[in-house]
Amino acid sequence: MYNVPDQTGKYAVVTGANSGTGKETTRRLAAAGARVVMAVRTVAKGEAARAEILAQHPGALLDVRRVDLADLESVREFADGLIADGVPLDLLVNNAGVMVPPERMTTADGFELQFGSNFLGPFALTVRLLPLLLKAPAPRVATMSSGVATRGKINFDDLNWERRYRPAAAYAQSKLADLMMGRHLATIAAERGWPLLSTIAHPGYTRTNLQTAGPSLGREKPSPAARLLVRVPLPSQGVEQGAEPLLVAAVSAEAKPREYYGPSEWFGLVGPAKLAKTPRSALDDEVAARLWTTAEQLTGVRLPAVV
Ligand SMILES: NC(=O)c1ccc[n+]([C@@H]2O[C@H](COP(=O)([O-])OP(=O)(O)OC[C@H]3O[C@@H](n4cnc5c(N)ncnc54)[C@H](O)[C@@H]3O)[C@@H](O)[C@H]2O)c1
């Protein structure tokens, strides 16, 4: 188990902190002394997760706040709330995500659900929180991608899948976009001389709500995709293990800009987090820069001129 270094005095935001790798990341950061804002879509679920963590770690410093990443107005409200508080932010963990909805669905702003929730929402959140991150001495952003980013392609002609909807391909695109966002943020930080460290992770195949309830998105009857996914006989791991690459990306003192962490695997046995191979599709910096500009245009959220 990765030993999270002392986080006393650190202030962190974890999105999707009520379940899966987000809850585990929150638990481990808080157990190491960080004060964590649990950024959740449903406050009651966030409070239940907070109570669960507090039962294990009574001294944990946890605040539950609402953010719906599928609604850019909600992202703005959440970020404005933190900025109004003015507490320098040491760490943003872009963890939340949805996978393979039963049909083409859209966000409050009309984007395809996965592109909007997994990429555009976290993009807007990250850019809006930059002024607060840059108030901290050594700020970090860790973003959760996925092993399926390897199969992703950024389809600039139809980013929102208005032609032929392929939910799994849309998921892969959104997670490739996360990986490229994390890499491009590191480029921007280097260009501007910011002390901000941006890293990326993928969890490996992990038993969470994503594989079961996730694809059905709260429907009573699981979608065919959900039924298929739970039957796939892939070796999977528990959430303690699945959160490790993200934790390493978020807090390891050895991590460097643009590094991508994943689980080590050996004949189906999952070991400690290690550097993962960045898929070729994510290496094109021109595509990453174009994606960043496109996200600025689509969300209306732009890099601050001077920070
Ligand atoms: N579990 C896996 O095998 C696996 C594999 C690759 C990548 N991932 C990634 O790991 C991350 C965490 O997923 P998980 O496996 O813990 O699944 P999960 O379903 O347990 O957790 C996802 C979290 O994201 C939150 N979320 C979803 N849409 C949101 C929105 N619009 N606004 C705010 N929060 C929202 C959910 O409420 C939940 O808390 C995701 O980014 C996912 O794409 C998971």
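All values below were derived from every heavy atom in this structure, side-chain atoms included, with hydrogens, water molecules and symmetry-related copies excluded.
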Undergrad: Where the side chain of His202 meets the backbone of Gly204, is there a donor-acceptor pair that is under 3.5 Å apart?
TA: yes
Undergrad: Keeping Gln7 on the side-chain end and Arg35 on the backbone end, is there a donor-acceptor pair under 3.5 Å?
TA: no
Undergrad: Looking at Met99 and Leu210, what are the two nearest heavy atoms and their distance?
TA: CE-O, 3.6 Å
Undergrad: Could you please spell out the steps behind the side-chain contact (heavy atoms from CB on, under 4.5 Å) verdict for Glu296 and Val301?
TA: CA-CA 5 Å; Glu296 285 189 331; Val301 182; over 6 Å; no
Undergrad: Is the side chain of Asp158 donor-acceptor paired with the backbone N or O of Arg163 at a distance under 3.5 Å, no angle test?
TA: yes
Undergrad: Is there a side-chain contact between Val13 and Val93 (heavy atoms, below 4.5 Å)?
TA: no
Undergrad: Does the side chain of Ser117 reach to within under 4.5 Å of the side chain of Thr107, using non-hydrogen atoms?
TA: yes
Undergrad: Please walk me through it: do Thr187 and His184 pass side-chain contact (heavy atoms from CB on, under 4.5 Å)?
TA: CA-CA 5 Å; Thr187 305; His184 194 66; 4.2 Å; yes
Undergrad: Please indicate whether Gln56 has more than 12 foreign heavy atoms, meaning atoms of other residues, nucleotides or ligands, lying under 6.0 Å from its CD.
TA: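 Check passes, neighbour count above 12.
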Undergrad: Do any N or O atoms from the side chain of Arg140 and from the backbone of Ala250 form a donor-acceptor pair under 3.5 angstrom?
TA: yes
Undergrad: Would a distance-only check, ignoring hydrogens and angles, find a side-chain to backbone donor-acceptor pair under 3.5 Å from Arg128 to Arg302?
TA: no
Undergrad: Report the C-alpha separation of Arg183 and Asp285 in whole Å, then their side-chain angles, then the decisive distance to 0.1 Å, and conclude whether the salt bridge (charged side-chain N to carboxylate O under 4.0 Å, His left out) test is met.
TA: CA-CA 8 Å; Arg183 287 171 58 86; Asp285 291 342; 3.8 Å; yes
Undergrad: Using a cut-off of 6.0 Å, state whether more than 12 heavy atoms not belonging to Asp6 lie near its atom CG.
TA: yes
Undergrad: Could you state the interatomic distance from CD1 (Ile154) to CG (Leu291), rounded to the nearest 0.5 Å?
TA: 5.0 Å
Undergrad: State, with a plain yes or no, whether a side-chain heavy atom of Thr21 is found less than 4.5 Å away from one of Met144.
TA: yes
Undergrad: Taking all atoms of both residues into account, what is the closest heavy-atom pair of Ala17 and Thr26, and its distance?
TA: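 Closest pair (atom of Ala17, atom of Thr26, distance): CB-OG1, 3.4 Å.
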Undergrad: Return the OG to CE distance between Ser281 and Met180, rounded to the nearest 0.5 Å.
TA: 6.5 Å
Undergrad: Which pair of non-hydrogen atoms, one from Val36 and one from Ala30, has the smallest distance, and what is that distance?
TA: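 Smallest interatomic distance, heavy atoms only, reads CG2-N, 4.1 Å.
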Undergrad: For residues Leu196 and Ala189, report the shortest heavy-atom separation together with the two atoms involved.
TA: O-CB, 3.6 Å
Undergrad: Hey, could you give me the CG/CG distance between Asn160 and Leu298, rounded to the nearest 0.5 Å?
TA: 7.0 Å
Undergrad: Do Trp292 and Ile188 have side-chain heavy atoms sitting under 4.5 Å apart?
TA: yes
Undergrad: Examine Leu197 and Leu92 and state if one hydrophobic cluster contains both, with Ile, Leu, Val, Met, Phe, Trp and Tyr joined whenever side-chain heavy atoms are less than 4.5 Å apart.
TA: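 Each belongs to a different hydrophobic cluster.
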Undergrad: So, Thr25 and Asn95: side-chain donor and acceptor under 3.5 Å apart, yes or no?
TA: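 The answer is no; no qualifying pair exists.
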Undergrad: Between Lys23 and Glu52, does a salt bridge (charged side-chain N to carboxylate O under 4.0 Å, His left out) hold up when you go through it step by step?
TA: CA-CA 10 Å; Lys23 182 165 76 177; Glu52 205 183 296; 3.0 Å; yes
Undergrad: In terms of hydrophobic clusters joined by side-chain contacts under 4.5 Å, are Val239 and Ile53 together?
TA: no
Undergrad: Nearest 0.5 angstrom please: Ile200 CD1 to Leu246 CG, how far?
TA: 11.0 Å
Undergrad: Any non-hydrogen side-chain atom of Tyr2 less than 4.5 Å from a side-chain atom of Val251?
TA: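 Yes, their side chains come closer than 4.5 Å.
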Undergrad: If we ignore hydrogens and angles and just use 3.5 Å, is the side chain of Gln241 paired with the main-chain N or O of Gly238 as donor and acceptor?
TA: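 Looks like no, no N/O pair under 3.5 Å.
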Undergrad: Between atom CZ of Arg166 and atom CG of Asn155, what is the distance when rounded to the nearest 0.5 Å?
TA: 8.5 Å
Undergrad: Between Asp68 (side chain only) and Ser74 (backbone N and O only), is there a donor and an acceptor less than 3.5 Å apart?
TA: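 No.
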Undergrad: I'd like to know if the side chain of Thr150 and the backbone of Gly147 have a donor-acceptor N/O pair within less than 3.5 Å.
TA: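 Yes, the answer is positive, given that a donor and an acceptor are paired below the 3.5 Å cut-off.
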Undergrad: Would Val127 and Leu185 show up in the same hydrophobic cluster when neighbours are defined by side-chain heavy atoms closer than 4.5 Å?
TA: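 Linked within one cluster.
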Undergrad: Has Arg104 got more than 12 heavy atoms of other residues, nucleotides or ligands less than 6.0 Å from its CZ?
TA: yes
Undergrad: According to a hydrophobic-cluster definition based on side-chain heavy atoms being under 4.5 Å apart (Ile, Leu, Val, Met, Phe, Trp, Tyr only), do Leu91 and Tyr261 belong together?
TA: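 Yes; Tyr261 is reachable from Leu91 via cluster members.
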Undergrad: Between the main-chain N or O of Glu73 and the side-chain N or O of Asp71, is there a donor-acceptor pair closer than 3.5 Å?
TA: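 Answer holds: yes.
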Undergrad: Is it the case that one hydrophobic cluster holds both Val141 and Val87, taking links as side-chain heavy atoms less than 4.5 Å apart, direct or via other members?
TA: yes
Undergrad: Does Asn118 reach the main-chain N or O of Gly97 with its side chain, forming a donor-acceptor pair under 3.5 Å?
TA: no
Undergrad: Does the side chain of Gln173 pick up a donor-acceptor pair with the side chain of Tyr171 at under 3.5 Å?
TA: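 Gln173 vs Tyr171: no donor-acceptor pair found between side chains.
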Undergrad: Taking side chain as C-beta onward, heavy atoms only, is Val40 less than 4.5 Å from Val67?
TA: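 Heavy-atom side-chain distance check fails, nothing below 4.5 Å.
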Undergrad: For a quick test of reading the model, state the closest non-hydrogen atom pair linking Ala32 to Pro5 and the distance between them.
TA: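 In this case the closest contact between Ala32 and Pro5 is CB-O, 3.6 Å.
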Undergrad: Can you spot which of His57, Glu240, Glu244 makes a side-chain hydrogen bond (donor to acceptor under 3.5 Å, both in side chains) with Arg28?
TA: Glu244
Undergrad: Going through the checks in order, is the side-chain contact (heavy atoms from CB on, under 4.5 Å) test met by Phe123 and Asn94?
TA: CA-CA 9 Å; Phe123 170 86; Asn94 284 318; over 6 Å; no
Undergrad: Does the gap between the ring centers of Phe115 and Phe119 come in under 6.0 Å?
TA: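 Ring centres of Phe119 and Phe115 closer than 6.0 Å.
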Undergrad: Side-chain donor-acceptor pair under 3.5 Å between Tyr165 and Glu112, yes or no?
TA: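 Indeed, the side chains of Tyr165 and Glu112 share at least one donor-acceptor pair under 3.5 Å.
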Undergrad: Are the side chains of Phe111 and Leu72 in touch, meaning some heavy atoms are under 4.5 Å apart?
TA: yes
Undergrad: If every non-hydrogen atom of Pro137 is compared with every non-hydrogen atom of Pro139, which pair is closest and at what distance?
TA: C-CD, 3.6 Å
Undergrad: Could you walk me through whether Met38 and Arg50 pass the side-chain contact (heavy atoms from CB on, under 4.5 Å) check?
TA: CA-CA 8 Å; Met38 303 175 69; Arg50 177 172 177 270; 3.8 Å; yes
Undergrad: Nearest 0.5 Å please: distance from the CD atom of Glu254 over to the CG atom of Leu275.
TA: 10.5 Å
Undergrad: Taking the cut-offs as 6.0 angstrom to the six-membered ring centre and 45 degrees off its axis, would you call Arg66 and Phe78 a cation-pi pair?
TA: no
Undergrad: Looking at side-chain heavy atoms only, is the closest gap between Gln237 and Pro263 below 4.5 Å?
TA: yes
